There are 2 protein chains.
Amino acid sequence: MKLSTKGRYGLKAMLDLAVNSTDGHVSLNSIAERQGLSVNYLEQLFASLKKAKLIKSIRGPQGGYMLADSPENISVGDILRALEGSLAPTDCVSEAPGARRCDNLDRCVTRSVWEKIRDGINNVIDNITLQELIDDHTRNNNSKIMDNT
Amino acid sequence: MKLSTKGRYGLKAMLDLAVNSTDGHVSLNSIAERQGLSVNYLEQLFASLKKAKLIKSIRGPQGGYMLADSPENISVGDILRALEGSLAPTDCVSEAPGARRCDNLDRCVTRSVWEKIRDGINNVIDNITLQELIDDHTRNNNSKIMDNT
DNA sequence: TATAATTCCTAGTAAATTACTCGGTTATAC
DNA sequence: GTATAACCGAGTAATTTACTAGGAATTATA
């Protein structure tokens, strides 16, 4: 039940992008340097984020990425689901399309447990916006979005 | 962010044990048959459950397992943590002893997100008792704890 | 127009984790 | 004594994760 590095690094990268995109686009190279990650791996994360329409990109020199919407309108849930897929604890209660749902038409008792866990997680992550993380960050005014955990 | 089969099978097995232990001990063999699992694999799950003192065992013929306490006093959280370890989404906010905590003494912004997810999950699973699952099961009066998801 | 910076795309791969199986040992009811 | 069960440790195939590698497409700038 651990998040993968996709979710962990990806959320940090999104926060980095939000904090540093005040003037124009932010290159993966600069994010990679600040966060201590490889550009190649970040590319994969940003491909998922772009597919989910959370970011926009421009190619070529001076190109890079920007948020597709204002940070108040982007939730941690949006970001994590773009990177990790559904955060449901089992496939049988995953809201992702194509997930292998339970073939059991009758109710199975433990399923209600998995549903409650899923809803509990979603309730948390859908109610934290990227803006709140930015606020936390500027309030602490340190730049410790960069630790590797 | 998926539960492993340990948590999924293990919770079902505990429910099976609770439902079927009205008279004496329940053998792994009978649980394995009802749930369609191998005895060998169940042994491993029950070793964890026993270590966590959620069940008791007796060896030899007519031996088997019993709950160590009444179902009202055993939570889904107790069971899942015994089987999966901490359900924290990252090691840096794991409450398990020996987990590799974050070496970052300063606060890192995303950590508060992981803490909230962890607390959200724990809040759900610590507030469902095994007794409630038994009640659900007998209310539905089907025996569909046996599906494989 | 050439160059360099950048995103974009696909494939490969080493390491770690998961989900088991296998073979034996010990305890005990009958 | 024998059969039935829990107990124990090691091994392994399959899957997933966490990347790396290498190139193609786009475009600002000199």
Side-chain angles (χ1 to χ4, degrees), chain A residues 1-10 12-13 17 20-21 24-33 35-66 68 83-86 89-91 99-100 148-149, chain B residues 1-13 17 20-21 24-33 35-68 83-86 89-91 99-100 148-149:
Chain A
M1 267 294 271
K2 292 281 178 285
L3 280 173
S4 71
T5 53
K6 286 184 190 171
R8 301 207 315 278
Y9 296 168
K12 279 171 196 284
L17 172 59
N20 291 288
S21 68
H25 290 77
V26 182
S27 73
L28 281 193
N29 218 299
S30 68
I31 297 177
E33 243 176 46
Q35 302 299 326
L37 302 170
S38 83
V39 173
N40 275 319
Y41 196 44
L42 273 180
E43 278 176 359
Q44 296 184 9
L45 308 184
F46 276 62
S48 299
L49 293 167
K50 194 181 179 194
K51 202 174 164 196
K53 299 194 195 302
L54 300 178
I55 54 176
K56 288 175 180 170
S57 63
I58 293 192
R59 287 177 160 199
Q62 314 312 317
Y65 291 91
M66 281 192 70
L83 293 160
E84 297 267 343
S86 167
T90 62
D91 281 336
R100 202 169 43 94
N148 247 12
T149 62
Chain B
M1 268 295 270
K2 293 282 177 283
L3 281 172
S4 71
T5 54
K6 286 184 189 170
R8 302 207 315 275
Y9 296 169
L11 183 59
K12 280 170 196 283
L17 171 60
N20 291 288
S21 68
H25 290 77
V26 181
S27 73
L28 282 193
N29 218 298
S30 69
I31 297 177
E33 242 176 47
Q35 302 298 327
L37 302 171
S38 84
V39 173
N40 277 317
Y41 196 45
L42 273 180
E43 277 177 359
Q44 295 184 10
L45 308 185
F46 276 63
S48 299
L49 292 167
K50 194 180 180 195
K51 201 175 164 195
K53 298 194 195 304
L54 300 178
I55 55 175
K56 287 175 181 170
S57 63
I58 294 191
R59 287 176 160 204
Q62 314 312 318
Y65 292 91
M66 280 193 71
L67 296 182
L83 294 160
E84 298 267 343
S86 166
T90 62
D91 282 336
R100 201 171 42 96
N148 247 12
T149 62

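Note that this is a predicted model, so its numbers are computed, not measured.
Put simply, CG on A:Leu49 is 13 Å from P on C:dT7, counting in whole angstrom units. As rounded to whole Å, 11 Å separates atom C1' of D:dA21 from atom CD of A:Glu43. If you take NE2 of A:His25 and P of D:dT27, they are 12 Å apart, rounded to a whole angstrom. In this structure, B:Leu45 places its CG atom 12 Å from C1' of C:dT18, rounding to the nearest Å. Protein atom OH of B:Tyr41 is 15 Å distant from nucleotide atom P of C:dC22, rounded to whole Å. Between B:Met1 atom CE and D:dT17 atom C1' there is a gap of 16 Å when expressed in whole angstrom units. Atom CG of B:Leu28 and atom P of C:dT26 are 20 Å apart (whole Å). Between the P atom of D:dA5 and the CD atom of B:Glu33 lies a distance of 11 Å, rounded to the nearest Å.
Within the structure, every side-chain polar atom (N or O) of A:Ser4 is placed at least 4.0 Å from both OP1 and OP2 of D:dT16. The side chain of A:Tyr9 contributes an N or O atom lying less than 4.0 Å from OP1 or OP2 of D:dC19. Between B:Ser57 and the phosphate of D:dC7, there is a side-chain N or O to OP1/OP2 separation shorter than 4.0 Å.
Listed candidates were C:dT7, C:dA19, D:dA6. Nearest to the side chain of A:Ser27 is C:dT7. When the nucleotides D:dC7, C:dC20, D:dT20 are ranked by their closest atom to the side chain of B:Thr5, C:dC20 comes out on top.
Of all non-hydrogen atoms in A:Leu45 and A:Leu83, the two that sit nearest each other are O-CD2, 3.7 Å. Of all non-hydrogen atoms in B:Thr90 and A:Arg8, the two that sit nearest each other are CG2-CD, 3.3 Å. Taking every heavy atom of both residues into account, A:Ala32 and A:Val39 meet most closely at CB-CG2, 3.7 Å. The heavy-atom pair separating B:Lys53 from B:Ala68 by the smallest distance is O-CB, 3.4 Å. What you find for B:Glu43 and B:Leu28 is that their closest heavy atoms are CG-CD1, 3.5 Å.
A heavy atom closer than 4.0 Å to some atom of DNA chain D occurs in B:Arg59, B:Gly60, B:Pro61, B:Gly64, B:Tyr65, these being the qualifying members of residues 59-66 of chain B.
The 5' end of DNA chain C is approached more closely, in terms of each residue's nearest nucleotide, by A:Phe46 than by the other of A:Phe46 and B:Leu3. Residue-to-nucleotide proximity on DNA chain D shows that, of A:Ile58 and A:Asn40, the 5′-proximal contact is made by A:Asn40.
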> Can you check side chain to side chain contact (heavy atoms under 4.5 Å, CB included) on A:Leu49 and A:Tyr65, steps first, answer last?
Replying inline: CA-CA 11 Å; A:Leu49 293 167; A:Tyr65 291 91; over 6 Å; no
> What do the steps show when you test A:Ser57 against A:Lys50 for side chain to side chain contact (heavy atoms under 4.5 Å, CB included), and what is the final call?
Replying inline: CA-CA 8 Å; A:Ser57 63; A:Lys50 194 181 179 194; 2.9 Å; yes
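Among the atoms of the strands shown, only primed sugar atoms or phosphate atoms (P, OP1, OP2) are found under 4.0 Å from some heavy atom of B:Lys50.
Counting atom types as modelled, A:Gln44 pairs no side-chain N or O with a base atom of C:dT10 as donor and acceptor under 3.5 Å.
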